[in-house]
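Following: one structure in structure tokens, then a few remarks.
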Amino acid sequence: MNLKEFLEMDGSMKKYELLPLPYEYNALEPHIDEETMIEHHTKHQAKYVDNLNKLLDPTPAIAYPIDVIVRRIESYSPKVRNNAGGVWNHQFFWPLLGTEETQPNGNLERELIKQFGGVDEFKAEFKDVCLNKSFGSGWVWLVEDDGSLRITITPNQDNPLMYGVKPIIGIDLWEHAFYLKHKSNKGGWVDTFLEILNWNQAEENFNK
Ligand code: MN
């Protein structure tokens, strides 16, 4: 957003909001249970929204769109970093899930084959990074950086936009994302994610 667009905003973004999921809480059953979805959205994501509103206290000024905050995150405190990341990451995450069977297609499929050897090879490497290279709470992403696809890790609620890199896919590896169903079986959660990944959304993110 440039300065002109910023000044023309109508004030409708005075507070950050908990955006609704793009589907019902039980829509991803039996892959992701309704209780996990309700907890994750109405407790965890909601908390990041509340915290961010308190920290930035945007009234009566107009709040920047959340993606503007995360792209300029170096200008903000660590607390804003964590909560703005928490808001943006979850808004990015939910549309990446769905039970309609989709397959990588188009440009993204071509790049996955070129750079990982195939879609199955990409999935295996993604899972390996989740299980063996990411520790504690954080996210693992497929990103595009300078024309190359890479699998990368961010700690806490950081995300690729904070580092000037384009996110295509991201998995929430905080225990709150999977513990009710999978307990400590993080591998089961990663498998579920890869099974119900909405490749149409991934393709859209890639082509942005
Ligand atoms: Mn989460």
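This chain uses plain numbering: 1 for the first residue, then up along the sequence. In listed order, ligands and their atoms are each counted from 1.
At a threshold of 2.8 Å, the Mn ion (ligand 1) has a backbone or side-chain N, O or S atom of His90 nearer than that distance.
A centroid separation of less than 6.0 Å is found between the aromatic rings of His90 and Trp139.
Note that Lys166 lies in the cation-pi zone of Phe206, set by a 6.0 Å cut-off to the ring centre and a 45° limit from the axis.
Note on Asp67 versus Arg71: salt bridge recorded, some NZ/NE/NH1/NH2 to OD/OE distance being below 4.0 Å.
Of the N and O atoms on the side chains of Asp145 and Ser148, not one donor lies less than 3.5 Å from an acceptor on the other residue.
Minimum-distance N/O/S atom of Asp172 relative to the Mn ion (ligand 1): OD2.
In this structure, NE2 of His40 and NE2 of His176 enclose an angle of 90° at the Mn ion (ligand 1), rounded to 10°.
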